[in-house]
Amino acid sequence: MAVTTQFIVQPFRLNKRGKLEAEPAIAATSVENARMRAEKLSASRAGVIAFQIAADTEMGDYGEPVTLVRYGTLPEDMG
């Protein structure tokens, strides 16, 4: 049972109807890398959030996500 920390960047775009739509999530290698990727994407996306999460992928256990940075417009449930 190996718990690791994963760093995720989740970009969002506006679809043709003007609704937010998630794009594929991007894995980052560190807190700094996640923040940098999110900042770069923020110039061309409706919104971007970067977060870290503790995960035991073998057991399927995931901790609570910790937000690193937020840019732009995000879905209401994206703390």
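Note that the structure is predicted; figures quoted are calculated from it, not measured. Keep in mind that the numbers below use all heavy atoms, side chains included, and drop hydrogens, waters and symmetry copies.
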Are Ile26 and Leu41 close enough, and set up right, to give a side chain to side chain contact (heavy atoms under 4.5 Å, CB included), and what steps lead you there?
CA-CA 11 Å; Ile26 300 165; Leu41 284 169; 3.6 Å; yes
When hydrophobic residues are tied together by side-chain contacts of less than 4.5 Å, even through go-betweens, does Leu74 share a cluster with Leu14?
yes
Hey, could you give me the CZ/CD distance between Arg35 and Gln52, rounded to the nearest 0.5 Å?
8.5 Å
Between Val3 and Ala54 the two heavy atoms that sit nearest each other are CG1-CB, 4.0 Å
When you look at Ile53 and Thr5, which way does the side chain to side chain contact (heavy atoms under 4.5 Å, CB included) test go after all the steps?
CA-CA 6 Å; Ile53 190 165; Thr5 300; over 6 Å; no
Between CZ of Arg37 and OG of Ser30, what distance do you get to the nearest 0.5 Å?
9.5 Å
Go through the steps to decide whether Glu23 and Arg45 satisfy the test side chain to side chain contact (heavy atoms under 4.5 Å, CB included), and finish with yes or no.
CA-CA 10 Å; Glu23 293 185 340; Arg45 302 304 193 279; 2.7 Å; yes
Is it possible for you to say whether Tyr71 and Phe12 belong to one hydrophobic cluster, with membership spreading through side-chain heavy-atom contacts below 4.5 Å?
no
Linked hydrophobic residues, Leu68 as query - side chain contacts closer than 4.5 Å
Phe7, Val31
Taking side chain to side chain donor-acceptor pair (under 3.5 Å) as the definition, give me every residue that meets it alongside Arg13, ordered by chain and number, with sequence neighbours left out.
Glu21
When hydrophobic residues are tied together by side-chain contacts of less than 4.5 Å, even through go-betweens, does Val69 share a cluster with Ile8?
no
Any donor-acceptor pair under 3.5 Å from Gln10 side chain to Val48 backbone
no
Please find the pair of heavy atoms, one from Ala38 and one from Ala50, that lie closest to each other, and give the distance.
CB-CB, 4.0 Å
Determine the minimum heavy-atom distance between Asn15 and Arg17, stating which atoms define it.
OD1-N, 2.9 Å
